[in-house]
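Naming convention: chains lettered A, B, ... in sequence-line order (proteins, then strands); numbering from 1 in each chain.
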2 protein chains.
Amino acid sequence: MAGRNLVGLEVDALDLGAVFRALADEHRRSVMTELAADRSDSERGCNSFDLPISKQTQTHHFRVLREAGLIDEIDYGNRKGIRLRRADIEKRFPGLLTLLGSESPGGTAPR
Amino acid sequence: MAGRNLVGLEVDALDLGAVFRALADEHRRSVMTELAADRSDSERGCNSFDLPISKQTQTHHFRVLREAGLIDEIDYGNRKGIRLRRADIEKRFPGLLTLLGSESPGGTAPR
DNA sequence: CTTCAGGTACGATGCAAGTCATACCTGAAG
DNA sequence: CTTCAGGTATGACTTGCATCGTACCTGAAG
């Protein structure tokens, strides 16, 4: 079984500074906005976000998001899954995910 | 004629990225946390925050907060006043100020 | 006038962070 | 086996940013 061996921090250990630093980047914020917009919280692939950056940089960004406690990365060996930690985020920082939607009035519309 | 000639942007022009970048810094976040904790929204002096940095750096930080649309700076010539734009922030980014209290000492005390 | 405190402008510096090139690893499909 | 796509590790580069030193401005008090 491919367990979530790449999980982030504990819920209580989530740092607001790290969260703001993670969301300060445009690409990471677009990823989080997309994830927050999908209420089904389905697991997504890394390349399903269509980021205009190299794959090494994508690896870097996903790691930052994971270390900030915002997502979980599920390692399948030659593939990777991304899942939003919606429950943990809402528990620790209620309203944060709603805040991300403020930038895309109308839905998922990255400029 | 102590007008607020150093006001920030319009409410609709507030950018979420600029806000997150502004709140990513520890010193700026502490200022915002203090301002958000004071429900009277009274005008405060720049040196009332007791920041462990030089005054030039303080000028820089307050400017970033103003350009992000989070505060207004009232210029008195040889003095300066700081005021939180609570109404505008709550209108554009509801829940953001509450979020800042998540790490405030005395507000939402963890454990 | 001079002095002084609060604040700003400009420049320089040091460090963190975003980005990519190269090389390597992993698992699936021929 | 080989090939290939997805992902990572390492290193280097470059930009952004927080910080401070020096100099200057502003208004109030001697």
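D:dA29 atom P lies 11 Å from atom CZ of B:Arg79, rounded to whole Å. The separation between A:Phe62 atom CZ and C:dT19 atom C1' is 16 Å, rounded to whole Å. Whole-Å rounding puts the B:Asp50 CG to C:dG6 P distance at 13 Å. In this entry the distance linking CZ of B:Arg44 with P of C:dG6 reads 16 Å, nearest Å. In this structure, NZ of B:Lys55 is placed 8 Å from C1' of C:dA5, rounded to the nearest angstrom. Rounded to an integer number of Å, the gap from CG of A:Asp75 to C1' of D:dT8 is 10 Å. Between A:Ile74 atom CD1 and D:dG6 atom C1' the separation is 15 Å, expressed in whole Å. Summarising the geometry, the separation between CZ on B:Arg21 and C1' on C:dA17 is reported as 13 Å, rounded to the nearest angstrom.
Considering only side-chain N and O atoms, A:Thr59 lies under 4.0 angstrom from the phosphate OP1 or OP2 of D:dT8. At least one side-chain nitrogen or oxygen of A:Thr57 sits closer than 4.0 Å to the OP1 or OP2 atom of C:dC20. Taking 4.0 angstrom as the limit, B:Arg28 places a side-chain polar atom (N or O) nearer than this to OP1 or OP2 of D:dA18. Taking 4.0 angstrom as the limit, B:Arg63 places a side-chain polar atom (N or O) nearer than this to OP1 or OP2 of C:dA9. Taking 4.0 angstrom as the limit, B:His60 places none of its side-chain polar atoms (N or O) nearer than this to OP1 or OP2 of C:dA9. Contact annotation: A:Lys80 side-chain N/O to D:dT8 OP1/OP2 distance is under 4.0 Å. Phosphate contact (OP1/OP2 of D:dC17, side-chain N/O of B:His61, threshold under 4.0 Å): absent.
The partner of D:dT14 is C:dA17, by the rule that a Watson-Crick or G-U pair needs both atom distances under 3.5 Å. Both distances falling under 3.5 Å, in either a Watson-Crick or a G-U wobble arrangement, place C:dA28 opposite D:dT3. With a cut-off of 3.5 Å on both pairing distances, the Watson-Crick or G-U wobble partner of C:dC10 is D:dG21.
Looking at B:Asp75 and B:Lys80, no side-chain N of the basic residue comes within less than 4.0 Å of a carboxylate O on the acidic one, giving no salt bridge. Under a 4.0 Å N-O distance rule, the pair B:Arg83/B:Glu73 does not qualify as a salt bridge.
By the 6.0 Å and 45° rule, B:Arg29 does not stack over the aromatic ring of A:Phe20.
Between B:Phe93 atom CZ and B:Leu16 atom CG the span is 5.0 Å, to the nearest 0.5 Å.
Of the two residues near DNA chain C, A:Asn78 and A:Ile53, the one whose nearest nucleotide lies more 5' is A:Ile53.
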How far apart are the C-alpha atoms of B:Ser30 and B:Thr33, what are their side-chain angles, what is the distance that settles it, and do they pass the side-chain hydrogen bond (donor to acceptor under 3.5 Å, both in side chains) test? CA-CA 5 Å; B:Ser30 72; B:Thr33 302; over 6 Å; no
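Between D:dG21, C:dG7, D:dT19, one nucleotide has an atom nearer to the side chain of B:Gln56 than all others, and that is D:dG21.
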